[in-house]
2 protein chains.
Amino acid sequence: MASVDRHRHITDAVRRAGQLSVAELAEQTGTSEMTVRRDLELLAEQGLLERYRGGARSVLLRGEEPPFALRANDGVEVKQRIAAAVAEMIADGEAVVIDAGTTCLAVARALAHRRLTVMPLSLHATNALVGAPQLRLLLPGGEPRPGELALTGPLAEASLAALRFDTAVIGCCGLTAANGLTAYDLADAAIKRAAIAAAHRVIVVAEAAKLSRTALALVAPATALQAVVTADDAPDEEVDALKALGVAVRQV
Amino acid sequence: MASVDRHRHITDAVRRAGQLSVAELAEQTGTSEMTVRRDLELLAEQGLLERYRGGARSVLLRGEEPPFALRANDGVEVKQRIAAAVAEMIADGEAVVIDAGTTCLAVARALAHRRLTVMPLSLHATNALVGAPQLRLLLPGGEPRPGELALTGPLAEASLAALRFDTAVIGCCGLTAANGLTAYDLADAAIKRAAIAAAHRVIVVAEAAKLSRTALALVAPATALQAVVTADDAPDEEVDALKALGVAVRQV
DNA sequence: AGGTTCGAACAAAAAATATGTTTGCTATGT
DNA sequence: ACATAGCAAACATATTTTTTGTTCGAACCT
C-alpha cells in the first residue's frame with residue numbers, strides 16, 4: 001500500500017469508527033505501529049484527525065464544518081467537473097471574484113490559464129493563481145482564517161465594496177430553495193454577501209449534499225442567484241424548486 | 001559538485017561573464033551539456049538568467065533592480081543578522097507592517113513565532129507567516145507584482161490608510177542622508193509611503209550597498225525615519241550623515 | 001509499581017531524482 | 001536549400017532522498 005493510500009485509509013477508517021487504536025490501524029494497513037504513529041502525527045498536524053495516547057479519533061462528530069484538509073480530498077473528481085463547467089460559463093476578459101472553499105479552489109485552478117481579472121477570496125486560491133501569465137490577479141485585504149485561509153473582516157469587505165465584478169463564483173455550506181444560501185461561519189457569510197453585492201452575475205457551486213443542508217448563517221435568498229452548478233446526483237426536488245425560483249441549474 | 005552548488009556556480013559565472021555557452025559551462029562544472037541545459041532551463045524559469053540558443057546570458061546589466069530570485073540568494077547571512085536585530089527592537093504585542101523585498105522577508109521569518117499583529121506587504125512574507133499560531137496576520141489588498149509578489153495599487157494603499165501600526169519595517173533600493181529613501185518602482189514607492197504614514201515608528205533595513213545608492217522614486221526624506229539597521233560594512237560617512245539627521249543607526 | 005505507549009536513533013529498503021548517452025528532430029546561418 | 005550546431009525525448013544508470021521497520025530507553029497512565 002502506497003503511503004498516500006495508507007493515509008487515506010487511516011483517515012477514512014478513523015472517521016468511520018470515530019476512534020481507532022494504533023495497533024488496530026497497523027493491522028488494517030499491514031504496516032508497523034511505528035509507521036502508523038508517524039502517519040497519525042502527520043495527519044493530526046494537517047488537522048485531519050486528533051491524536052490521543054494509543055490511537056486517534058475523528059475531528060468531526062460535532063455540528064461544525066469539517067476542516068479544509070479533510071474536505072480537500074473528498075470528491076475531487078466531482079469538484080473538477082463542476083469547476084470545468086463553471087469555467088465554460090465565464091468568458092475571456094471578465095472580472096471574476098472567487099470565493100474560498102475547496103470547490104472554488106478547483107474553479108480557480110480551472111481558470112488559471114485564462115485571460116481574466118480574478119480576485120480570489122482565499123490564500124489557497126491565490127497561491128494557485130500567482131504566476132499565471134495572462135491573469136490579472138487582485139487580492140482583497142483581510143485576515144486569513146487558519147486552515148481555510150479565507151480572507152475575512154472589514155478590510156476584505158472594503159476591498160469588495162470598492163469593486164464591481166462581472167461574475168462571482170460562490171461556494172456554500174448549504175443551499176435550498178426555502179432557506180437560501182447558507183454558511184457555517186458568520187464572517188464568511190458577510191464576505192460572500194459582499195462578493196454577491198459586487199457582482200453582476202452570481203454562480204454558486206455546490207456538491208449534491210449541500211442541496212439538502214442548511215447552515216447557520218444566511219448569506220442570500222436563492223432568488224439572488226443567477227446560476228447553480230452541481231453534480232448529477234443532486235436531489236431532483238431541490239433542483240426543481242431552485243429552477244422554479246428562476247435559478248439556472250446545471251448538473252454535471 | 002552537488003546540483004545546488006552547480007546552480008550557484010552557473011548563476012554566478014553567467015552573471016560575471018555576461019553570457020556563456022552551454023559547452024563552456026559544461027566544462028566549468030565538469031558535467032555533460034545535457035545537464036547544463038537542464039540547469040539553464042530551471043534557472044531561466046526562476047528568472048535567474050535568460051536562455052538563448054547555445055548558452056545563457058545575465059538578466060542584469062541594465063539600470064534595473066535584479067529579479068527577486070537573484071537577490072534572495074545573495075547575502076543571506078547578513079540579511080538574517082539584520083532581521084534578528086530588527087526583531088529585537090520590536091516588543092511583543094506590537095502591530096507591525098513589513099515591507100516587500102528579500103531583507104524584509106527575513107524579518108518576517110524572524111517574527112513568525114512572536115505574539116504580534118503583522119501586515120506583510122508581499123505574498124512571500126505572507127506565506128512565511130501563515131500558520132504561525134500566536135500571530136495575528138492581516139493582509140492588505142492589492143495586485144501582486146510578478147516575481148516580487150509585492151502588493152501594490154489602490155487597494156493596498158486603502159488598506160494601509162485604514163490602519164495605524166506601531167512599527168513599519170521598510171526595505172529600500174537606496175538610502176542616503178542627502179537623497180532620502182528611494183525605490184526603483186513607482187508603485188512600490190507609493191506603498192512604502194503609505195506604510196510609513198500609517199506607522200508610529202519607521203525602521204529601515206538596508207544592506208551596506210544600499211547606503212551609497214539612489215534609486216528613481218523618492219519615498220521619504222531621511223528625517224522621516226526613526227531607525228536604520230544595516231551591516232557593519234556600511235560606509236562610515238553615510239552612517240554619520242544619517243546620525244547627524246537624528247536617525248538611530250544600528251550596524252550588525 | 002507495572003504495563004503500555006511513545007519517540008529518537010539507526011539500518012535497510014524502496015522510491016524519487018539526477019545524470020549521462022543515444023537518437024532523431026529543429027532552428028539558424030550561409 | 002543545406003549543413004551544422006543545438007536541442008529535447010527516451011532510456012539506462014547512478015545517486016540521493018524518503019520511507020519503513022526495529023530496537024531501546026524514557027515518558028505516561030492507571
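Order of the sequence lines fixes the chain letters, A, B, ..., with proteins taken first and strands second; residue numbering starts at 1 for each chain.
- Rounded to a whole Å, the CZ atom of B:Arg51 is 10 Å from the P atom of D:dG6.
- Checking the phosphate oxygens (OP1, OP2) of D:dT20, a side-chain nitrogen or oxygen of A:Arg6 falls inside 4.0 Å.
- Taking 4.0 Å as the cut-off between side-chain N and carboxylate O, A:Arg15 and A:Asp74 count as a salt-bridged pair.
- Counting only residues at least two apart or in different chains, salt bridge (charged side-chain N to carboxylate O under 4.0 Å, His left out) contacts with residues 28-39 of chain A comprise A:Arg6-A:Asp39, A:Glu33-A:Arg37.
- The overall bend of the helix from C:dA1-D:dT30 to C:dT30-D:dA1, read as the angle between its terminal helix axes built from five base pairs each, is 50° when rounded to 10 degrees.
- Shown here are the side chain to side chain donor-acceptor pair (under 3.5 Å) partners of A:Arg8, two or more places apart in sequence or in another chain: there are none.
- From the 5' end on, the contacts that DNA chain C makes with chain B at under 4.0 Å to a non-hydrogen atom open and close at C:dT19 to C:dT28.
- Applying the ring pair (Phe, Tyr, Trp, His ring centres under 6.0 Å) test to pairs two or more places apart or on separate chains, none has a residue in residues 29-49 of chain A.
- Annotation: proximity of residues 23-39 of chain A to DNA chain D (heavy atom, distance under 4.0 Å) is found for A:Thr31, A:Ser32, A:Met34, A:Thr35, A:Arg38, numbered in ascending order.
- Listed by first and then second residue, the ring pair (Phe, Tyr, Trp, His ring centres under 6.0 Å) pairs that reach into residues 118-153 of chain A are A:Phe68-A:His124, sequence neighbours excluded.
- Within the structure, ring pair (Phe, Tyr, Trp, His ring centres under 6.0 Å) pairs that include any residue of residues 23-55 of chain B do not occur (at least two apart or interchain).
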Result block: side-chain N/O donor-acceptor pairs under 3.5 angstrom for residues 138-149 of chain B, not counting sequence neighbours:
{"residue": "B:Glu143", "atom": "OE1", "partner": "A:Arg136", "partner atom": "NE", "Å": "3.1"}
{"residue": "B:Glu143", "atom": "OE2", "partner": "A:Arg136", "partner atom": "NH2", "Å": "2.8"}
{"residue": "B:Arg145", "atom": "NH2", "partner": "B:Asp188", "partner atom": "OD1", "Å": "3.4"}
{"residue": "B:Arg145", "atom": "NH2", "partner": "B:Asp188", "partner atom": "OD2", "Å": "2.4"}
{"residue": "B:Glu148", "atom": "OE1", "partner": "B:Arg71", "partner atom": "NH2", "Å": "2.6"}
{"residue": "B:Glu148", "atom": "OE2", "partner": "B:Arg71", "partner atom": "NH2", "Å": "2.5"}

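- Residues in residues 105-121 of chain B take part in these side-chain hydrogen bond (donor to acceptor under 3.5 Å, both in side chains) pairs, two or more places apart or across chains: B:Asp92-B:Arg114.
- For the ring pair (Phe, Tyr, Trp, His ring centres under 6.0 Å) condition, no pair includes a residue of residues 5-41 of chain A, sequence neighbours left out.
- Remark: A:Ser21 engages A:Ala23, A:Glu24 in a side-chain contact (heavy atoms from CB on, under 4.5 Å) (not counting sequence neighbours).
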